[in-house]
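The structure under discussion appears below in the form of structure tokens.
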Amino acid sequence: MTATVIDGKAFAAKVRGLVQAQVANLIEVQGITPGLAVVLVGEDPASQVYVRNKHASTIEVGMASFEHRLTVDTSEAVLLALIHRLNADPAVHGILVQLPLPGHLNSELIINTIDPAKDVDGFHISNVGLLGTGQKSMVPCTPLGCLMMLRDHHGSLSGLNAVVVGRSNIVGKPMAQLLLGDSCTVTIAHSRTKDLAAVCRGADILVAAVGRPEMITGDFVKPGATVIDVGINRIERDGKTKLVGDVHYASAAAVAGAITPVPGGVGPMTIACLLANTLTACCRANGLPEPVGLTA
Ligand code: NDP
């Protein structure tokens with residue numbers, strides 16, 4: 001069997017198109033421009049690239065982008081004061097603090113200071129609790145992107161066996177909650193799981209969020225299963241730097257029914273879902289109906 005490739009790049013372009021159309025409508029009919037504020041502390045090269053991409057994508061869909069670049073030695077008090085200002089600013093509907101923060105800053109405190117209604121990353125403890133109890137929340141972007149692709153591919157996910165490998169707060173746990181919300185039977189695997197390959201072979205939907213290059217090989221995959229590879233790993237191969245996922249693509253694609261590639265799978269969906277969340281936050285803040293096709 002050769003798996004169908006789930007084209008995250010094309011799907012993300014479709015999602016951005018939906019966001020753009022709804023933003024244009026919001027501006028024209030309501031006179032409201034959704035706004036996203038991104039806060040970057042320090043000069044981590046990877047974070048700088050992410051922030052630049054977020055800014056460009058925000059502008060592209062017609063939203064307002066507010067960038068706040070602070071020096072690496074910024075004090076907690078200064079950062080908290082900025083977040084309070086953004087919380088109070090009616091032009092800002094979404095706030096994202098780029099992680100990781102420098103070590104002297106308390107990330108949990110910073111994230112939990114963001115107004116939960118503007119927490120477009122979905123990391124605030126209130127949003128975690130709302131998602132866990134099946135209530136309306138802001139949903140973390142990467143798992144939301146995975147869910148959208150799975151719904152698009154399968155239609156209903158009800159009754160399917162899903163295995164999520166990884167239990168981080170930003171990917172594994174919210175992914176599992178979302179799949180449970182769509183009535184999958186969910187198993188969360190991690191580094192202490194016994195016979196991981198056998199656990200994974202029970203999955204109709206296998207989500208890999210491990211952070212280990214190409215760890216999930218074809219013998220972890222049930223024939224016909226859908227494999228979602230969240231991993232982004234830079235490795236050296238044949239003297240070149242290469243981007244690979246947590247799934248060994250060639251061997252898994254030979255067994256799976258459908259699979260996301262790296263690059264071009266989950267990655268592009270993450271920014272698309274950040275824009276979707278900003279639009280959702282803006283609609284909610286203004287008492288307008290939720291945007292169509294862009295929420296969990
Ligand atoms: P974390 O390091 O926070 O979590 C990794 C998880 O994998 C942990 O729960 C860990 O288990 C588990 N794990 C590690 N080794 C093994 C193993 N040998 N067997 C089974 N489980 C194992 O990573 P993240 O969740 O933040 O990220 C996961 C991957 O997703 C990374 O490659 C990251 O780069 C990528 N990523 C991609 C994004 C995108 O936009 N596409 C966004 C965010 C992340 P334990 O808890 O027991 O230690």
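Counting starts at 1 for both ligands and their atoms, following the listed order.
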At the 4.0 Å heavy-atom cut-off, does A189 count as touching ligand 1?
no
Less than 4.5 Å apart, side chain to side chain, heavy atoms only: is that true for C273 and P143?
no
Need the ligand 1 atom indices (1-based, order shown) with element for anything under 4.0 Å from a heavy-atom of V266.
41 (N)
Is there a heavy atom in G172 that sits closer than 4.0 Å to ligand 1?
no
At a 4.0 Å threshold, what atoms of ligand 1 neighbour a non-hydrogen atom of D246?
29 (C), 32 (O)
Any atoms of ligand 1 less than 4.0 Å from a non-hydrogen atom of G267? List them with their elements.
41 (N)
By salt bridge (Lys or Arg N to Asp or Glu O under 4.0 Å) - contacts of R237 (at least two apart)
E214
Is any side-chain heavy atom of C146 less than 4.5 Å from a side-chain heavy atom of V230?
yes
For atom 8 (C) of ligand 1, which protein heavy atom lies nearest, and how many Å away is it?
R167 N, 4.0 Å
Would you say the side chain of L26 lies within less than 4.5 Å of the side chain of L279, judging by non-hydrogen atoms?
yes
Check the surroundings of atom CD in E43: do more than 12 heavy atoms from other residues, nucleotides or ligands lie under 6.0 Å from it?
no
Is there a heavy atom in M269 that sits closer than 4.0 Å to ligand 1?
no
The protein heavy atom nearest to atom 5 (C) of ligand 1 is V210 O, 3.4 Å
Atoms of ligand 1, numbered as shown, that sit under 4.0 Å from any heavy atom of G166:
6 (C), 7 (O), 9 (O)
Going by the side chain to side chain contact (heavy atoms under 4.5 Å, CB included) test, name the single residue among I228, I259, V165, T226 that passes it with L206.
V165
Nearest non-hydrogen protein atom to atom 44 (C) of ligand 1, with distance, is V171 CG2, 3.9 Å
For ligand 1, indicate whether the residue T142 contacts it via side chain, backbone, both or neither (heavy-atom separation under 4.0 Å).
side chain
What are the two closest non-hydrogen atoms of D246 and A208, and how far apart are they?
OD2-O, 3.8 Å
Quick check on atom 2 (O) of ligand 1 - does any protein heavy atom sit closer than 4.0 Å to it?
no
Which is it for N233 and ligand 1 at heavy atoms under 4.0 Å: side chain, backbone, both or neither?
side chain
Can you list the ligand 1 atoms lying under 4.0 Å from a non-hydrogen atom of T270?
39 (C), 40 (O)
Validation row: I205, C184 side chains within 4.5 angstrom (heavy atoms)
yes
Taking atom 23 (O) of ligand 1 as the reference point, the nearest protein heavy atom with its distance
S168 CB, 4.4 Å
Mark yes when over 12 heavy atoms from residues, nucleotides or ligands other than E236 sit less than 6.0 Å from its CD; otherwise mark no.
yes
Just need the protein heavy atom nearest to atom 31 (C) of ligand 1, so name the residue and atom and give the distance.
G211 CA, 3.5 Å
Quick one: look at V230 and ligand 1, take heavy-atom pairs under 4.0 Å, and tell me if it's side chain, backbone, both or neither.
both
So which heavy atom in the protein is nearest atom 34 (O) of ligand 1, and how far is it from that ligand atom?
I232 O, 3.3 Å
Students should be able to answer this: which protein heavy-atom is nearest to atom 47 (O) of ligand 1, and at what distance?
S191 OG, 2.5 Å
Per-atom contacts, ligand 1 versus M215 - under 4.0 Å to a heavy atom:
17 (C), 18 (N), 19 (N)
Are V186 and V207 connected in a single hydrophobic cluster, I mean Ile/Leu/Val/Met/Phe/Trp/Tyr linked by side-chain heavy atoms less than 4.5 Å apart?
yes
Quick one: which ligand 1 atoms are inside 4.0 Å of a heavy atom on I170?
26 (O)
Would you check if there is a donor-acceptor pair between the side chains of T295 and T280 at a distance under 3.5 Å?
no
Quick one: are L109 and E76 in side-chain contact, heavy atoms under 4.5 Å?
yes
How close does the nearest protein non-hydrogen atom get to atom 15 (N) of ligand 1, and which residue and atom is it?
R212 NE, 2.7 Å
With a cut-off of 3.5 Å and sequence neighbours excluded, list every side-chain donor-acceptor pair involving residues 129-140.
residue: T133; atom: OG1; partner: G129; partner atom: O; Å: 2.8
residue: T133; atom: OG1; partner: L130; partner atom: O; Å: 3.2
residue: T133; atom: OG1; partner: Q135; partner atom: NE2; Å: 2.9

